[in-house]
*Asks:* 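Below you'll find the structure I mean.
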Number of protein chains: 2
Amino acid sequence: MARQKDDIKREKILDAARQLVINTGFTSLRMAEVAQKAGVATGTLYTYYKSKEALINDAYITTKKEIIELLTDPVHIEQTTYLTLKNVWMAYFYFCHKNPDKMLFVEQFIYSGYIDETIIEKVDEGLYEVFKYVEKGQKEGIIKNAPIELLQAQIQAPIHDIIKLIHKKQIKLTKNYIDSCFQMTWDALKQ
Amino acid sequence: MARQKDDIKREKILDAARQLVINTGFTSLRMAEVAQKAGVATGTLYTYYKSKEALINDAYITTKKEIIELLTDPVHIEQTTYLTLKNVWMAYFYFCHKNPDKMLFVEQFIYSGYIDETIIEKVDEGLYEVFKYVEKGQKEGIIKNAPIELLQAQIQAPIHDIIKLIHKKQIKLTKNYIDSCFQMTWDALKQ
DNA sequence: TGCTTAAGCGAATAATTATTCATTTATTTG
DNA sequence: CAAATAAATGAATAATTATTCGCTTAAGCA
């Protein structure tokens, strides 16, 4: 037959899109720039995606899936709820630090104006797994009995804020710095 | 002479812009829609602002100033650091709850692609006042000795996340709910 | 009350940018 | 190795949308 679509090229396109969004905002995201940054011609974008909207939505879906897989990896599970949560928290923190473009893209996507509304809840379902660790801690009387979404906000929101800060002000990370972040979150959660 | 520009109309324009951004994203913000929502003609926008960029930047500056004035209002000051911080936190929480469009607009602005870079730091200077309450608590040995920006993240990020949630899922607020939010934040901060 | 002048209007225009498509290039397979 | 076919290209086109401008309206002032 003939040539096949190249998954590495697709990934380069998504990377380019995410990076451009983070550097210059969703409004300034131009298909021509995505193509240039990805090292392909503008027209090529349309053999991989039927529209700009489809491209952006795919960038969301694939990135979110990657994050959920990371968070629900059984490798984090330990004997105590404290240690399990710490592992998950650390894994997410490092992921965000290493991939600020992915984290920020996912966070910003909802306000992009390109949302295909149907996909958001579907993708988010995978997160329930993570909440189970928190609910387990509640049953054990270790974690506060607040509504689960409040606890979730206490866990994830500061991470995002701190990563933005690190990124913006080029603060360098020390073990100490990260540990005191987690300590604050744990103090917020614990009974 | 002749007619004067109408500050109420200007406010309506800014309101319209903020609401549209929150409902449909920055990318879908069209001058024609802003005009319609504000109840003026498209051309009128240009007697108030020389460009779309100028309009959006003004929406940012004025909103951010409003927030900073709220946070630095001396009325919040009490005998103890705990009570002062609680007052400021509550004031900000209620503001965000009542004006989610203002809070979200300010939060999203950085990623809008319309930033006039020079203004951001200038406007943010006013926030130092608020950090002083936190630093005071550190000197008193009441608040953890973590870097100030980490403490700031612990304070503000969960509020933003929770307001988004309330807005999205139409959770109804109870006194209890709000108090347990603040309790978590305080536990995160306190020594 | 009438004159002056800037606000207000919105259709027409200019600019911008997503998408298409005729052509070229490269991969697959018999 | 050659034929078949789909990917890749990027200039041309279509679509979208910010901005302008000639005209109308109304606020301020003598």
*Asks:* What is the separation between atom CD on A/Glu53 and atom C1' on C/dT19, rounded to the nearest whole Å?
*Replies:* 14 Å

*Asks:* For A/Phe93, enumerate each residue passing the ring-ring contact (aromatic ring centres under 6.0 Å, His included) test, keeping only those at least two apart in sequence or located in another chain.
*Replies:*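 With sequence neighbours excluded, A/Phe93 shows a ring-ring contact (aromatic ring centres under 6.0 Å, His included) to A/Trp89, given in chain and number order.
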
*Asks:* Once side chain to side chain contact (heavy atoms under 4.5 Å, CB included) is applied, do any residues pair with B/Thr118, and if so which ones, sequence neighbours excluded?
*Replies:* B/Asp116

*Asks:* Quick one: list whatever passes side chain to side chain contact (heavy atoms under 4.5 Å, CB included) with B/Lys136, sequence neighbours left out.
*Replies:* B/Thr81, B/Glu140

*Asks:* Without placing hydrogens or testing angles, list every side-chain donor-acceptor pair under 3.5 Å for residues 105-115 of chain B, not counting sequence neighbours.
*Replies:*
{"residue": "B/Glu107", "atom": "OE1", "partner": "B/Lys164", "partner atom": "NZ", "Å": "3.4"}
{"residue": "B/Glu107", "atom": "OE2", "partner": "B/His160", "partner atom": "ND1", "Å": "3.4"}
{"residue": "B/Ser112", "atom": "OG", "partner": "B/Phe109", "partner atom": "O", "Å": "2.7"}
{"residue": "B/Ser112", "atom": "OG", "partner": "B/Tyr114", "partner atom": "N", "Å": "2.9"}
{"residue": "B/Tyr114", "atom": "OH", "partner": "B/Lys52", "partner atom": "NZ", "Å": "3.0"}

*Asks:* Each nucleotide N or O in nucleotides 15-18 of chain D that has a protein N or O under 3.5 Å away: list the pair and distance.
*Replies:*
{"residue": "D/dT17", "atom": "OP1", "partner": "B/Arg30", "partner atom": "NE", "Å": "2.6"}
{"residue": "D/dT17", "atom": "OP1", "partner": "B/Arg30", "partner atom": "NH1", "Å": "3.4"}
{"residue": "D/dT17", "atom": "OP1", "partner": "B/Arg30", "partner atom": "NH2", "Å": "2.4"}
{"residue": "D/dT17", "atom": "O5'", "partner": "B/Arg30", "partner atom": "NE", "Å": "3.4"}
{"residue": "D/dA18", "atom": "OP1", "partner": "B/Leu29", "partner atom": "O", "Å": "3.4"}
{"residue": "D/dA18", "atom": "OP1", "partner": "B/Lys52", "partner atom": "NZ", "Å": "3.0"}
{"residue": "D/dA18", "atom": "OP2", "partner": "B/Met31", "partner atom": "N", "Å": "2.9"}

*Asks:* Which residue pairs pass the salt bridge (Lys or Arg N to Asp or Glu O under 4.0 Å) test when at least one of the two sits in residues 144-160 of chain A, sequence neighbours left out?
*Replies:*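 Counting only pairs at least two positions apart or across chains, the salt bridge (Lys or Arg N to Asp or Glu O under 4.0 Å) contacts touching residues 144-160 of chain A are A/Lys144-B/Asp187.
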
*Asks:* What salt bridge (Lys or Arg N to Asp or Glu O under 4.0 Å) pairs are there with at least one residue in residues 30-47 of chain B, not counting sequence neighbours?
*Replies:* none

*Asks:* Please report, rounded to the nearest Å, how far the P atom of D/dA7 is from the CD1 atom of A/Ile13.
*Replies:* 12 Å

*Asks:* Residues two or more places apart in sequence or in another chain: which of them pass side chain to side chain contact (heavy atoms under 4.5 Å, CB included) with A/Val40?
*Replies:* A/Lys9, A/Ala35, A/Ala38, A/Thr44, A/Leu45

*Asks:* Is A/Arg18 positioned over the aromatic face of A/Tyr60, cation under 6.0 angstrom from the ring centre and no more than 45 degrees off axis?
*Replies:*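 That pair does not qualify as a cation-pi contact.
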
*Asks:* Can you list everything that forms a ring-ring contact (aromatic ring centres under 6.0 Å, His included) with A/Tyr82? Sequence neighbours excluded, please.
*Replies:*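 With neighbours one apart ignored, the set is A/Phe182, A/Trp186.
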
*Asks:* Axis-to-axis angle across the helix from C/dT1-D/dA30 to C/dG30-D/dC1, five pairs an end, to 10 degrees?
*Replies:* 30°

*Asks:* Name the pairs: protein N/O against N/O of nucleotides 8-11 of chain C, kept only if under 3.5 Å.
*Replies:*
{"residue": "C/dG8", "atom": "OP1", "partner": "B/Lys9", "partner atom": "NZ", "Å": "2.6"}
{"residue": "C/dG8", "atom": "OP1", "partner": "B/Tyr48", "partner atom": "OH", "Å": "3.3"}
{"residue": "C/dG8", "atom": "OP2", "partner": "B/Tyr48", "partner atom": "OH", "Å": "2.9"}
{"residue": "C/dC9", "atom": "OP2", "partner": "B/Ala41", "partner atom": "N", "Å": "2.8"}
{"residue": "C/dC9", "atom": "OP2", "partner": "B/Thr44", "partner atom": "OG1", "Å": "2.8"}
{"residue": "C/dG10", "atom": "N7", "partner": "B/Gly43", "partner atom": "N", "Å": "3.2"}

*Asks:* Quick one: salt bridge (Lys or Arg N to Asp or Glu O under 4.0 Å) pairs with a partner in residues 73-102 of chain A, sequence neighbours left out?
*Replies:* A/Glu66-A/Lys102

*Asks:* Just how far, in rounded Å, is P of D/dA8 from CD1 of A/Ile8?
*Replies:*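 Interatomic distance, CD1 of A/Ile8 to P of D/dA8: 12 Å.
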
